[in-house]
Amino acid sequence: LDDTLLESSERFDKAILCILDEEGIAYDAQAVTATILPIGLERTADYFQKVLGVSGSTDEIKHRINEKQLKLYRDVFELKPGVRAYLEGLVRTGARLFILTATPKRLAVPALQHNEILDLFEAVWSTEEDFGLNKDNVRLFEAVAERVATQPSLIRYFDDSVTAVTNAKQAGLDTYFFYFGQKGIDPEEMRLCGHAI
């Protein structure tokens, strides 16, 4: 979802990092962003509390993150250029479409509604809420294939995270790494991800 379908990751990161700013915690924005991108909300809150020293319980930290993001997802984030036409074209061919995101559904669904594409998808899955797993775990992608009752190699998986795409490929999915100039991406890592777009 984020920065694959939606123009959201940079502002998503800013919303998350704003909490560190409010706490007066020094941090390396690139390192924090790279850490939290594939791990989901629960583990991000845990990381913020235990590693970075953000005050409050993990539930309180999650609530702070959610409130900062909800308005962005509900009212601000737009589709990347060409996404709507591509998705509608897939639907016309009979493809089944699913969202698999680390973003909680309470944020993902309003963004899809705001952009009027929710009805194109058979299901919207949040990695933690629906599978209890994250994109850094190969088992997540095996579980997705089981849930859709489809051979893994017949599933096209698109993501902008090297970790996620690498694990999806290991699970047997047909993987597409969405590259838009992310910093710190090793060309060899991209090659191993599968198709780069």
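Just so it is clear, the structure is predicted and the values come from calculations on it, not from any experiment.
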V138 with L173, same ILVMFWY side-chain cluster at under 4.5 Å: no

Any donor-acceptor N/O pair, E78 side chain to N115 backbone, under 3.5 Å: no

N137 (side chain) donor-acceptor with L133 (main chain) under 3.5 angstrom: no

Derivation and outcome, side chain to side chain donor-acceptor pair (under 3.5 Å), residues Y73 and D2: CA-CA 10 Å; Y73 279 91; D2 293 297; 2.6 Å; yes

Side-chain donor/acceptor of D46 to backbone N/O of E42, under 3.5 Å: no

L70 backbone acceptor or donor facing R106 side chain under 3.5 Å: no

Whether over 12 other heavy atoms sit under 6.0 Å from R156 CZ: no

Shared hydrophobic cluster, L154 / L97 (ILVMFWY, side-chain heavy atoms < 4.5 Å): no

Residue that, paired with K135, satisfies side-chain hydrogen bond (donor to acceptor under 3.5 Å, both in side chains) out of N167, T163, D159: D159

E67 side-chain N/O to R64 backbone N/O, donor-acceptor pair under 3.5 Å: no

Side chain proximity check, I16 to Q69, heavy atoms < 4.5 angstrom: yes

Flag for Q151-S153: side-chain donor and acceptor within less than 3.5 Å: yes

Donor-acceptor side-chain pairing of S55 and E23 below 3.5 angstrom: yes

T93 side-chain N/O to L90 backbone N/O, donor-acceptor pair under 3.5 Å: yes

Axial cation check for F98 ring with R147, 6.0 Å and 45° limits: no

